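Please read the structure below before turning to the comments.
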Amino acid sequence: MSAPATTPATTPGTAPAARPLSSALAAGVGLLLAMDVAGAIISLSAGLSPTLLDALGPQARLSAPIPMMIAQVLLVIGATRRHRGVAVPASVLLVIAGVLAFMSGFYDGGYAADLTAGQRVFQIALVTAHLGVGVLAGFRLVRLLRR
């Protein structure tokens with residue numbers, strides 16, 4: 001006699017794949033925060049910014065400003081909730097934040113800044129990570145809208 005098949009434990013209204021996606025989204029924002037801090041330290045050590053707060057401010061070239069970092073943390077908390085009334089708008093805003101992070105470099109001079117090759121590679125990786133989190137939030141949004 002064979003053992004009964006087991007299925008992953010789910011709560012009502014939560015698909016088994018929702019948890020890995022939520023975990024990936026949270027990990028993505030965690031990666032962004034780590035990259036932002038690293039970028040600020042690079043900016044400070046390279047003389048691109050006079051202080052750490054400037055390196056994390058509106059003129060940051062290798063990190064997101066502190067308010068954006070706080071917003072991303074709050075939005076990922078909301079986007080990973082089971083309650084659709086919170087998760088849907090938070091996911092939408094995370095998608096928009098990813099696009100805005102990419103677009104802002106065209107308008108604030110970030111892409112025209114005089115950076116070394118290594119700094120430019122870091123900037124590209126950071127912007128790509130922002131877009132990646134936006135894509136993950138988009139997948140989360142689609143999943144939420146299908147339930």
Side-chain angles (χ1 to χ4, degrees), residues 8-147:
T10 60
T11 57
T14 303
R19 282 192 217 145
L21 184 56
S22 293
S23 295
L25 192 53
V29 169
L31 174 64
L32 283 178
L33 294 176
M35 290 180 77
D36 287 331
V37 171
I41 292 169
I42 293 168
S43 290
L44 188 61
S45 66
L48 295 173
S49 300
T51 68
L52 188 59
L53 284 179
D54 287 326
L56 293 167
Q59 298 303 316
R61 297 293 178 241
L62 300 177
S63 67
I66 291 172
M68 175 68 139
M69 294 164 63
I70 293 169
Q72 287 171 324
V73 169
L74 295 174
L75 290 172
V76 80
I77 290 168
T80 56
R81 295 288 166 231
R82 283 183 246 175
H83 189 273
R84 289 180 69 209
V86 173
V88 168
S91 296
V92 168
L93 290 172
L94 269 175
V95 170
I96 292 169
V99 173
L100 287 178
F102 169 72
M103 295 300 297
S104 70
F106 292 108
Y107 297 102
D108 68 5
Y111 298 147
D114 187 24
L115 301 175
T116 67
Q119 292 166 346
R120 184 68 66 196
V121 167
F122 185 87
Q123 184 186 51
I124 291 168
L126 180 63
V127 171
T128 301
H130 277 279
L131 288 171
V133 167
V135 168
L136 287 173
F139 287 144
R140 173 74 173 138
L141 178 62
V142 168
R143 179 154 294 148
L144 288 164
L145 294 176
R146 287 186 178 171
R147 310 199 287 205

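Reckoned from all heavy atoms, side chains included, excluding hydrogens, waters and symmetry mates. Everything quoted here is computed from the prediction, not taken from an experiment.
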Taking all heavy atoms of [X] and all of [Y], pick out the closest pair and write down the distance.
X	Y	result
Ala46	Gln119	CB-NE2, 3.1 Å
Thr80	Val76	OG1-O, 2.8 Å
Gly78	Ala90	C-CB, 3.6 Å

*Phe139: which of Leu25, Leu21, Val95 passes side-chain contact (heavy atoms from CB on, under 4.5 Å)*: Leu21

Would you say that [X] contacts [Y] through its side chain, given a criterion of any heavy-atom pair below 4.5 Å between the two side chains?
X	Y	value
Arg146	Arg143	no
Arg140	Ser22	yes
Leu32	Leu126	yes

*Can Leu94 and Leu141 be said to form a side chain to side chain contact (heavy atoms under 4.5 Å, CB included), step by step?*
CA-CA 10 Å; Leu94 269 175; Leu141 178 62; over 6 Å; no

For residues 128-138, tabulate all N or O donor-acceptor pairs below 3.5 Å that involve a side-chain atom, not counting sequence neighbours.
unit_1 : atom_1 : unit_2 : atom_2 : d
Thr128 : OG1    : Ile124 : O      : 2.7
His130 : ND1    : Gln72  : NE2    : 3.1

*asked:* Tell me whether Arg84 contacts the main-chain N or O of Leu144 through its side chain, where contact means a donor paired with an acceptor under 3.5 Å.
replied: yes

*asked:* With a 3.5 Å distance limit and no angle check, can you tell me whether Tyr111 reaches the backbone of Ser104 through a side-chain donor-acceptor pair?
replied: no

Tabulate below the donor-acceptor pairs under 3.5 Å that side-chain atoms of residues 62-71 make, not counting sequence neighbours, or state none.
unit_1 : atom_1 : unit_2 : atom_2 : d
Ser63  : OG     : Ala55  : O      : 2.6

_Give me each pair satisfying side-chain hydrogen bond (donor to acceptor under 3.5 Å, both in side chains) with a member in residues 26-46, each pair once, sequence neighbours excluded._
none

*Working to the nearest 0.5 Å, report the span between CZ of Arg120 and CG of Leu115.*
4.0 Å

